[in-house]
Amino acid sequence: MIVVPGLEEGFKGVFGAGSVTTVQAPGRVNLIGEHTDYNEGYVLPMAIDRGVTIAGRKRTDNKVVLHSIDYRQKCEFDLGSIHSDLSARWADYFKGVAFLLKKNGLPLGGCEAVLQGDLPQGAGLSSSAALEVASATFLQKLFRFDLGDLDLIRLCQQAENEFVGVKCGIMDQFASYMGKEGHALFLDCRSLEYRWAVLPKGLAVVVCDTGVERTLAGSAYNERRAQCEAAVGILAGKLPGIKALRDVSLCDFEKHQGLLDPVVLKRCRHILTENQRVLDMVEALGTGRLERVKVLMEESHVSLRDDYEVSCRELDVLAELGASTPGVFGSRMTGAGFGGCTVHLVRTEAVEGFQQKVGPAYEERTGRKATIHVFNASDGAKFLNGMDR
Ligand code: GLA
């Protein structure tokens with residue numbers, strides 16, 4: 001992330017000179033394990049070298065004044081009355097975090113801050129989670145409380161669930177806070193046990209943005225979640241004690257799938273097979289079996305396309321182009337879907353060839369331009385500086 005020096009200057013321009021506290025939180029790309037987090041399953045995301053930076057200081061009153069450099073917009077609210085505002089949606093993520101912190105009795109006061117990001121928004125790279133995690137880290141630093149890592153992560157997720165209204169799982173906030181340079185994060189979304197998985201040397205993580213914007217707040221995401229929960233309710237009739245799709249084995253699923261309507265059956269099949277793919281992928285990456293990695297990522301895409309039905313034509317085209325490009329060890333859509341990005345593991349020396357082939361071929365087939373990024377796995381949220389007393 002490269003926005004920091006400019007940001008502190010930006011702060012001065014908006015609020016005047018003085019010392020500030022600056023924090024940063026990254027976006028993420030998910031390598032595999034899609035829609036498994038809210039089913040208490042496994043995921044394998046990595047934090048990326050793009051994100052959100054916040055610089056600010058305390059005020060003496062109860063007001064929060066935010067200025068988004070990207071939107072060139074100010075948003076002001078009182079901590080005693082925090083409401084969502086349709087004309088400044090970007091501020092809702094900060095407000096949601098402030099709301100939850102207050103609700104949990106943490107000592108917040110007024111503050112003023114500038115915000116800036118270098119993550120494409122609505123592209124499925126977790127600009128929302130990055131903003132939530134940056135907000136929580138900023139407020140924690142400024143008001144000197146210590147939530148503890150897991151509580152901070154959960155609070156950010158809750159802000160999105162309760163304040164923004166998206167029933168997301170915990171993957172994005174977890175990755176944004178706990179990411180580690182050079183590593184992906186293998187997370188069990190039930191126990192929240194995690195371990196960092198080293199990414200094989202010589203492989204670049206290439207992300208192609210379809211240019212089709214997705215809005216996660218759209219009903220389709222919450223609908224998928226409700227379908228999974230409904231399935232658990234039905235299957236529990238035969239499999240007492242199950243709490244989430246995580247608890248259903250493929251063998252039990254095959255035995256009882258006749259109880260489910262055909263759409264819900266497909267949703268479950270995706271979750272169960274995807275969980276297994278995450279475990280297999282961690283193993284294959286660890287042992288350098290890149291051909292296996294390629295198969296797993298491609299199977300994941302097909303499952304998201306046909307069973308979970310969250311892909312779109314543009315994502316399918318990119319996944320297909322990636323799969324047929326030399327030096328590529330895996331191509332799939334990443335994130336919630338309905339637009340956004342694909343992720344590809346590409347041999348470093350093949351990245352240029354990838355760009356030369358995939359960019360023009362995508363444009364020819366869809367009439368859209370893809371933005372192609374090469375991301376590095378990075379550390380999670382960071383405190384950059386602060387002289388606030
Ligand atoms: C979004 C949500 C995550 C996860 C993914 C799909 O990014 O925020 O919790 O469910 O979609 O894997």
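For ligands, and for the atoms within them, numbers begin at 1 and follow the listed sequence. Remember, it's a predicted structure, so these values are computed and weren't measured experimentally. Side-chain atoms are counted along with the backbone in the values below, which use heavy atoms only and exclude waters and symmetry mates.
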Q: Check each atom of ligand 1 against the heavy atoms of M171 and keep those under 4.0 Å away; list them by number with element.
A: 4 (C), 5 (C), 12 (O)
Q: Within the 3.5 Å criterion, strictly below it, is a donor on H373 or T371 matched to an acceptor on the partner's side chain?
A: no
Q: Could you tell me whether Y38 and ligand 1 have an N or O pair separated by under 3.5 Å?
A: no
Q: If you measure every N or O of N30 against every N or O of ligand 1, does any of those distances drop under 3.5 Å?
A: no
Q: Tell me, which pairs form a salt bridge (charged side-chain N to carboxylate O under 4.0 Å, His left out) where one or both residues lie in residues 183-198, sequence neighbours left out?
A: E40-R190, D188-R246, R190-D247
Q: Return a yes/no value for R28: is any of its N or O atoms, backbone included, closer than 3.5 angstrom to an N or O of ligand 1?
A: yes
Q: So, using side-chain hydrogen bond (donor to acceptor under 3.5 Å, both in side chains) as the criterion, who are the partners of Q276 when residues are at least two apart?
A: D280
Q: Return yes or no for this condition: an N or O of G169 is under 3.5 Å from an N or O of ligand 1.
A: yes
Q: Ring-plane angle category for H270 and Y308, please: parallel below 30°, perpendicular beyond 60°, tilted otherwise.
A: tilted
Q: Which residue from N161, D172, D37 reaches closest to atom 8 (O) of ligand 1 through any of its heavy atoms?
A: D172
Q: Give the atom numbers and elements of ligand 1 that come within less than 4.0 Å of a heavy atom of C168.
A: 2 (C), 8 (O), 9 (O)
Q: Do any nitrogen or oxygen atoms of E34 come within less than 3.5 Å of a nitrogen or oxygen of ligand 1?
A: yes
Q: Whether the S68 and R72 side chains hold a donor-acceptor pair (N or O, under 3.5 Å, no angle test) is what I'd like checked.
A: no
Q: Less than 6.0 angstrom separating the ring centers of H256 and F253, yes or no?
A: no
